[in-house]
Amino acid sequence: MQNENLKPARKKIPRNKIAEQQPASRIKNFSEVELGFTTEQALLESERCLMCKKPKCTDGCPVEIDIKGFIELIKEKRFSEALEKIREKNTMPGICGRVCPQEDQCEKTCILGIKNEPVAIGKLERFLADYGIKNSKNNSQGDTGLKNNNSKKIKAAVIGAGPAGLTCAGELAKMGYAVTLFEALHKEGGVLVYGIPEFRLPKSIVEGEVEYVKSLGVEIKLNSIVGKTYTIDEILESGYSSIFIATGAGLPYFLGIPGENLNGVYSANEYLTRVNLMKGYLFPAWDTPVKKASIVSVIGGGNVALDSARTAKRLGAEKVYLIYRRSEVEMPGRIEEIKHAREEGIEMVFLTNPVEIKGENGWIKKITCIRMELGEPDESGRRRPVKIPGSEYDIDTGIAVIAIGQGANPVLTQTSPDIGLNKWGNIIADDIGKTNKKGVFAGGDIVTGAATVILAMGAGKVAARAMDNYMKTGVW
Amino acid sequence: MCADTVSLIIFSPVIASKAKAGQFVVVRASEEGERIPLTIAESDAAAGTINLTILKRGKTSSLLCSLNKGDYITDVAGPLGIPSEIEKFGTVCIIGGGVGIAPTVPIIKAMKEAGNYVISIIGARNCSGLIFEDTIKKYSDQYHVCTDDGSMGYKGFVSGFLSQYLKENPGKKPDRVVAIGPVLMMKAVCDVTGPGGIKTIVSLNPIMVDGTGMCGSCRVEVDGKTRFGCVDGPEFDGHLVDFGLLNSRLNIYCDEEKVSNEKYMEKHECKMKI
Ligand SMILES: Cc1cc2nc3c(=O)[nH]c(=O)nc-3n(C[C@H](O)[C@H](O)[C@H](O)COP(=O)(O)OP(=O)(O)OC[C@H]3O[C@@H](n4cnc5c(N)ncnc54)[C@H](O)[C@@H]3O)c2cc1C
Ligand code: SF4
Ligand code: FES
C-alpha cells in the first residue's frame, strides 16, 4: 500500500471495521468476539488521522497518551516504537484498547469525529499491544533487568491486584522499591479476571500484564486478605514505608425487593465470578458449577449487566432479557457492548424495574416488574425514572442476575478505623492518592466508586509517584 | 477417627497465628477446583499449623480427604469470618453434631479459658463419628455423648438430649448455647432453647465463593434481613435465622454435585476398590 496515493483521499477512508466472530457462532463459545485489525487495516486507519496541529484526542484520554504521536509511528510502520509511545503513559494497552469506553474519551474529542467517524484509536491501541505480544522480543515488557536494580531495599506494599494495584506496583518496582502486592483471591487481575468475561478480554492478556509486573520484581502474595490475614498497621510495622490501597468496588448491591434470596437469583459478581474466575463454563471439567436456564433476566444497564447477559446467552439461554429502569440513551455501558449484545439477541426491556421476585419450592419463577417513565433530571443530569402506577406485569424467568452496581467492601477498612471514609464507605484520598493516614495512599474504585480500568490505572500511577516522593523525603 | 471424616493439618503460620475460635478458611483443592469454606478446628500458632476436619461428601471434600502426608493444598485463604463472641457468660452449653463437632473445639477451649462452666454435648450417627473426644473432655466441665443408633451415650439427637437435660435440671439453665452441625440439628436445638429464651448461637455454612463479601452467594436471612454469611457471620443468633431458606440455598447445586461426584468416582473407582 502506497501512502502517497492515499493521502489526498484520506478523509474519505471510512472507519475500518474490525473483524468479529459472527453472532450466531460466537454465542456458542467464550472466545474473543473481536479479532483485531490486520496490519493493512491498522495502516489504513492511521491514514485517517488528520495529524492535527492541536489534537484534541489526548485531552480526552485520562492518562494523556500521545495519540497523534503513536498514530504517526504506525503510519511509518514503526510499530514497536508506537507501542513504546503508548507505554510511556499506559502500561496496559492490550487491556485498555479492549475495554476503555473510547466513545466517551479519546474518540469523543477526536477532531475527525466532528464531521466524520472518529479515528478508531482504541482498535489501533489494541493492534499495537497484540503486535507487541506476537513480537515480544522487541517489546520492553520482556525487560527484566530492572529486577536487580532493587538496591534501595525500601519496602512498599500494595493491596489489591486489580488494574490500580498492578500499575502502582509496577511503577514502584521500576523506581527501585521492593514491592509486595497482597491479593485476596487466588489469582491476580481484580475485575479483569473475575468480572470481565473471556469473550471481551482474554485472560491470557491479563496474565501477560501480571507476568510483566512480576518480572519487574514485584512479590505477589495471593490468598492474603488485608483486614483478615494482615492489617494495615501490621504491614506498616513490618517494615513497609508506604502502602497503596486498591481494593476496588467489590460489594454487590441487591435490589432489596421480596424474593431476592430465592435460588436462581445471583448478584452479577457471583454469576461472573463463577463463570470467569472459576471457569464455570467449563464445568464439570472445572469444579465450580453455575446454574443455567432457558430464560435469564439481567437487571441493570451498565457493562456489568451487559457482560452478564451475554454470558447467559453463551451458557445456552434461549431468551435473555436485560431489564433497565431508564431508556437506551441513559445506558452507561460501552456502545460497542450494547451493539454486540443486540446482535447476540439480548432483548432490552427499557423503562422497567423489578418490584418482586416470585418463586416456587424455593426457586425463582417470575419477576414482577413495573413500567417507568422519565421525569425530571436528577443529580447525574439523567432523567429520573418514575413508576407508572398500576403497570405491574410478570416476566417468566429461570435465573435472575442483579447488576445494579457495587459498593466498597468493608473488610479492610473495618480493621483500620483510622482511615477516613465517605458516607458510602469509599476511602477518602486527594488527587495524588493521599489518605488521612500517614504513609497510606489509595486509588481506583475503592476511592472513586465503580469507575473504569483506565481511571484505576491512572490513579495507581499517580500514587506511585506520590509514594516515591513521600518515601524519599518523609514529608507527608 | 471415622472413615468418612479426615483431619488435615495444614502448615500456614500466618493463618495459625491469627485464627480465632469460630473462624474459617477458604480452600481450593486443585487448579480446576472450587473454593469451599472450612471451619478451623484447631490452630497451633507455635507449630504454624491449622487443623481442618472434613466430611467426605462431594468431589472437593473427597479430593481433600485423599491427600497424603506432605501433599500441598493449592490455596488456603483466611482466617475469615467474625470470631465467636467469647466472654464469661456463666454456664455455656456447646453442642456439636457430626462434622460440626470439629469447629466446636476452639470454642469450647476459649469458653473454658474465659472462665465459663462448659457443658459439651456431641452427637453423631454412631460412635465412630465422635471426634476430638479427648480434647473436648479436657476442656469441658460436663461431657455428654449422643448417637443416633445408641452405640454410645444417649440414643437420639443432641436436641433430644438437650431437651431432657433442661427438664431434669430446671435450676441450671445455661446462659448461652452454641450449636454447630447440620442445618436440621441447629434448627432443632433452637426449637428446644427458644421457649426458655436461652440465647443460642449457630454457625451457618452457606455456599460460598470468595468468602470475603464480594459475591453474595452466602446470603442468609437473619431477623428478616439479608446478611452475608462469610463477613457478617458465620455465627448468628439462631432464633432469628431462617433455616428453611438456608436449607433451600444449600441445595442449589444438587444436580451439579451429582454430575461432579459421578465423574470423580468414575476416575477414582479403581483406586478406591483397592
Ligand atoms: C463486569 C464488569 C465489567 C466492566 N467493564 C468495564 C469496561 O468495559 N471498561 C472499563 O473501563 N471498566 C469496566 N469495569 C470497571 C473496571 O473493571 C473497574 O473500574 C476497575 O477494575 C477498577 O480497578 P481497581 O484496581 O480499582 O479494582 P479491582 O479491579 O476491583 O481490583 C481490586 C482487587 O483487590 C482485591 N481485594 C479486595 N479487597 C482486598 C483485601 N481486603 N485484601 C487484599 N486484596 C483485596 C480484589 O480481590 C481485587 O483483585 C467493569 C467492571 C465489572 C465488574
Ligand atoms: S487509554 Fe483509553 S482513552 Fe486513552 S487513548 Fe487508549 S483507548 Fe483512548
Ligand atoms: S461468599 Fe461471596 S460474599 Fe460471602
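Naming: A, B, ... by sequence-line order, numbering from 1 per chain.
Only the backbone of A:Leu262 comes within less than 4.5 Å of a heavy atom of chain B; no side-chain atom from C-beta onward does. Contact annotation for A:Glu234: only side-chain heavy atoms (C-beta onward) come within less than 4.5 Å of a heavy atom of chain B. Of the atoms belonging to A:Glu260, it is backbone heavy atoms, and not side-chain ones, that fall under 4.5 Å from chain B. For A:Leu185, the parts lying near chain B are the backbone and the side chain together; criterion is any non-hydrogen pair under 4.5 Å. In this structure, the portion of B:Leu245 lying under 4.5 Å from any heavy atom of chain A is its side chain and not its backbone.
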Distance-only criterion, 3.5 Å: show the donor-acceptor pairs between side-chain atoms of residues 70-77 of chain B and protein atoms not counting sequence neighbours.
unit_1: B:Asp71; atom_1: OD2; unit_2: B:Asn68; atom_2: N; d: 2.7
unit_1: B:Thr74; atom_1: OG1; unit_2: B:Ala29; atom_2: O; d: 3.2
unit_1: B:Thr74; atom_1: OG1; unit_2: B:Ser30; atom_2: N; d: 3.2
unit_1: B:Asp75; atom_1: OD1; unit_2: A:Asn223; atom_2: ND2; d: 2.8
unit_1: B:Asp75; atom_1: OD2; unit_2: B:Arg28; atom_2: NE; d: 2.7
unit_1: B:Asp75; atom_1: OD2; unit_2: B:Arg28; atom_2: NH2; d: 2.8

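The stretch residues 44-52 of chain B places none of its residues near chain A, where near means some heavy atom under 4.5 Å from a heavy atom of that chain. Residues of residues 203-212 of chain B lying under 4.5 angstrom from chain A, judged on non-hydrogen atoms, are B:Ile207, B:Val209, B:Asp210, B:Thr212 in numerical order.
Side-chain contact annotation: A:Thr229 with A:Ser224, donor-acceptor N/O pair under 3.5 Å absent.
Most heavy-atom pairs under 4.5 Å with chain B: of the set A:Ile402, A:Val265, A:Asn361, this distinction falls to A:Val265. Each of A:Tyr271, A:Tyr266, A:Tyr194 has some count of heavy-atom pairs under 4.5 Å with chain B, and the biggest count is that of A:Tyr194. Contact count versus chain B (heavy atoms, under 4.5 Å) is highest, among A:Lys228, A:His186, A:Met278, for A:His186.
Residues meeting the salt bridge (charged side-chain N to carboxylate O under 4.0 Å, His left out) test with A:Glu219, sequence neighbours left out: A:Lys221.
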